[in-house]
S.K.: 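Here you go, one structure.
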Amino acid sequence: MKRFTSILTITAVLAVLFSLGSCGDKKSGPNISEDAATKVYVPAGKYDEFYSFISGGFSGQMAVYGLPSGRLFRVIPVFSVDPEKGWGFTEETKPMLNTSHGFIPWDDSHHSELSMTDGVPDGKWVFINGNNVPRIARIDLKTFRTAEIIEIPNSAGNHSSPFTTENSEYVVAGTRFSIPIKEKDVSISQYSEKFNGTLSFVKVDKESGKMSVAFQIMSPPFDYDLSHAGKGPSHGWFFFSCYNTEQAHTLLEVNASQKDKDFIMAVNWKKAEEFIAQGKGKEYSSDYYHNTYDENTHTATSEILKTVKVLDPADCPGMVYYIPCPKSPHGCDVDPTGEYIVGGGKLATVIPVFSFSKMLKAIEGKQFDGEVGGIPVIKYEAALHGEVQKPGLGPLHTEFDDKGFAYTSMFVSSEVVKWDIKKLEVVDRAPSYYSVGHIMIPGGDSKKPWGKYLVVMNKITKDRFLPTGPELTQSAQLYDISGEKMKLLLDFPTIGEPHYAQGIPADLIVKNSVKIFKISENKNPYVTKSPNDAKVERKGNEVHVYMTMIRSHFNPDNIEGIKLGDIVYFHVTNLEQDWDVPHGFAVMGNANSEMLIMPGETQTIKWEPKFVGVLPFYCTDFCSALHQEMQGYIRVSPKDANVPLTFKTGSDTK
Ligand code: RUQ
Ligand code: CUA
C-alpha cells in the first residue's frame, strides 16, 4: 500500500509538472528582436560567421548549419546509410557500419563535440556518439566525412558521450543502461548484484585522431547520463551525471524517481592512468569493432579488437567519488573557468552548482557520507557552491558565455534561463517554442565561449512552421545573447531530433577544407587513373568494371557479355581535378544506392542484374551542359549465352 501511494504521488507531481509545461496552451508571442532580420541576414554570396554541427538524433547523422543564417550546408552521414552519397552502400564504405552485432545501418546520434586544444575548439575533428549500438564516430573537418567509428565494449546506451578533455586526450563513453558484464545470461531481477555500468576513456591520437579504448572504469548499476571534462584547475577530472541510483530495472518512471538525490561521479582520470601504468587494469575479453576510412585508398577497413582494460574503483583509491545531486540529473556541465560544475536535475526545483576547489577540500578532509560500491560519497554541502533558486521547471542542460553567465534549458517550463554563476541569481529568461532540450553557444562548453549567439534545440514545433502532416519538423531557435537580455532572432528546421550541437568560428575550418583528392595519390586497389586503362574483367561469375568518369562521359560506356547470375562490380574513378565536380553513378535496377564520387576518388557498387536486357547507367549529378549525355549501356544475356565480354567508348572496341 505504501508503495502504491508513493507511485500515485510521483505520478501526480509529474502530471502537474508536465501540464504546466504543456506547449498547447502557449501562444507564440511577439518576443522576436526588432532588428532580427538584419542580424540573421547573410547577404547572397557571403559566408556565415560560424559553423554549427547539430546532431541528427534518431536519423543517425550530423547536420552542418551556418550561423546566424540557419542555412543547412550538409548532412554528414555517420551511423546511418545514406543513398544520396552511397554511404554504407558502396563496397568502400560498408565496413564503417560493422559492429559486433553485424552490419548496423542506423543509430541514434546524440552529442556532437569538437576536438580541443588547450580547452578551446580547434576545428580539427568533431565527434558524435551512437546511443543505441554503443559507438563513437570521428568526423574529419578537412573533408566533412566520417573518418572513424569505434564500438564501445562492455557498454549499452552510450549516452554520456563523446565529451572531450582539454586537449582531446580522451573522449568518453558512459553506459546509460547498465548490463550484466561478466556473466551475460542472468535474470533481470538480479539487476543490483549482476549488472554494472562502465565509464570508458577513449584515447585520441594527437596527430591522426585515431581512437582506441584506453581503459574502462567499472561502476555500480546506475544510469550514466551526461558528462563533461574538467578544465583549467579541474583538468585531469571528468564529471558524469547519473540517475537510477535506486537501481530499478522496471517502471523507472516511478522506481528511479524515489530518491531526492542521485549522483555526479567525479573521475580523476590522471589517477586512472597511473593505476593502468601500475598494471591495475584487468583484461576483459570482449569483441568490438574499430572501423577506419582511409582517404588515400578511399576505402574503409574493419578491425576486430578483443580485449579491454577495466579498473575497479575498489582497487583504485582516490580515483572516483560521488557527489549527491538533486534529482535525476541530466546535464553535467563545467563552466569556462573549470571551477563550477552544474547538475541539471530534471525533477529538481533548484540548479545545484558544485565547486571544484571545495570538492578537493572535502576529499582531503574526508567529508564523506559513506560509500557506494567502494566509491566514497562526498557530503552534498561540502562540495556545493550553491543552488540557483526558482530557476523554472525541468532544468536539463547548461552552456556558458564569456561574461560569467550560465544558460540553462528548462524542458518543462519551455524556457532558457540566464543566471550569474558566482551570485547564483537568475538575471533573464526567454521562452522557447517548445520543450527545449539541449542548448548551444559556440565554444559554450569550452574555456573560450564565443558568446554572441545561443541556439536552443526544441523537441516540439507545434505552430511554428507550415504543417507537414502528423510529423512536424524538429527545430532550433537562434537568440542574440550579446546584450543583457536574450533576444529571439530566428527559427530554423533541423534534421532528426537535434540533441547537442557545437559551434565554431568559420575561419578555423575554412582554411583547411579539402577541395579535391589528388588522382596521382589515389591508392584504391580498383583505381583507373586514365581512360586508356579502363577495362572489364571476368573472374568466374564476378565481373569487374574498371570505369572512369570525366565531363561528360564514362569509359567504357558500352559493355556486353554480362550473363544472368553474374555479380557485377562497378569500380568507378572520377578523374576530375576541379573543386565541386563530383559525378554520380547509377545503373538501372541497382538494389543498393547511387554513388556520388568526389574528384580524384574511386568508389565501387555491386550490381546483380535480375533479367536479360540492355540496361542504362548514367550520371546522377548535374555536372555540365552535357550531363544528360553522360550515360551508357550494359547488356545482360542469358546464363548460357556466348556473347563475348567487350567494352568501348566511342568507336574503339577493346
Ligand atoms: S540528451 S536533450 Cu542526449 Cu539531453 Cu538530448
Ligand atoms: Cu557527370 Cu552528370
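Counting from 1, the numbers follow the sequence of the chain as shown. Start at 1 and go down the list; that is how both ligands and their atoms are numbered.
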S.K.: Could you label the plane-to-plane angle of the His499 and His159 rings as parallel, tilted or perpendicular, counting under 30° as parallel and over 60° as perpendicular?
M.R.: perpendicular
S.K.: Could you tell me if Tyr434 and Asp463 have a donor-acceptor pair between their side chains, going purely by distance under 3.5 Å?
M.R.: yes
S.K.: Would you mind checking which non-hydrogen protein atom is closest to atom 2 (S) of ligand 1, with the distance to 0.1 Å?
M.R.: Lys459 NZ, 3.1 Å
S.K.: Number the atoms of ligand 1 from 1 as they appear, then name those within less than 4.0 Å of a heavy atom of His330, with their elements.
M.R.: 1 (S), 4 (Cu)
S.K.: Listing by chain and number, which protein N, O or S atoms are under 2.8 Å from atom 5 (Cu) of ligand 1?
M.R.: His499 ND1
S.K.: Taking the six-membered ring for Trp and the full ring for Phe, Tyr or His, determine whether the centres of His627 and His583 are under 6.0 Å apart.
M.R.: no
S.K.: List the steps, then state whether ring pair (Phe, Tyr, Trp, His ring centres under 6.0 Å) holds for Phe239 with Phe263.
M.R.: CA-CA 10 Å; Phe239 304 94; Phe263 294 128; over 10 Å; no
S.K.: Under 4.0 Å between a side-chain nitrogen and a carboxylate oxygen: does that hold for Arg176 and Asp223?
M.R.: no
S.K.: Is it true that the side chains of Gln477 and Asn458 contain a donor and an acceptor less than 3.5 Å apart?
M.R.: yes
S.K.: Restricting to distances shorter than 2.8 Å, give the number of protein N, O or S atoms close to atom 1 (Cu) of ligand 2.
M.R.: 4
S.K.: What residues, two or more places apart in sequence or in another chain, satisfy ring-ring contact (aromatic ring centres under 6.0 Å, His included) together with Tyr65?
M.R.: Phe492
S.K.: Verify the distance criterion only: is there a donor paired with an acceptor across the side chains of Asp445 and Tyr500 at less than 3.5 Å?
M.R.: yes
S.K.: Just to verify, what does Ala137 make a side-chain contact (heavy atoms from CB on, under 4.5 Å) with, not counting sequence neighbours?
M.R.: Val78, Phe79, Ile128, Thr146, Ile149
S.K.: Does atom OH (Tyr633) have a neighbourhood of more than 12 heavy atoms from anything else shown, all under 6.0 Å?
M.R.: no
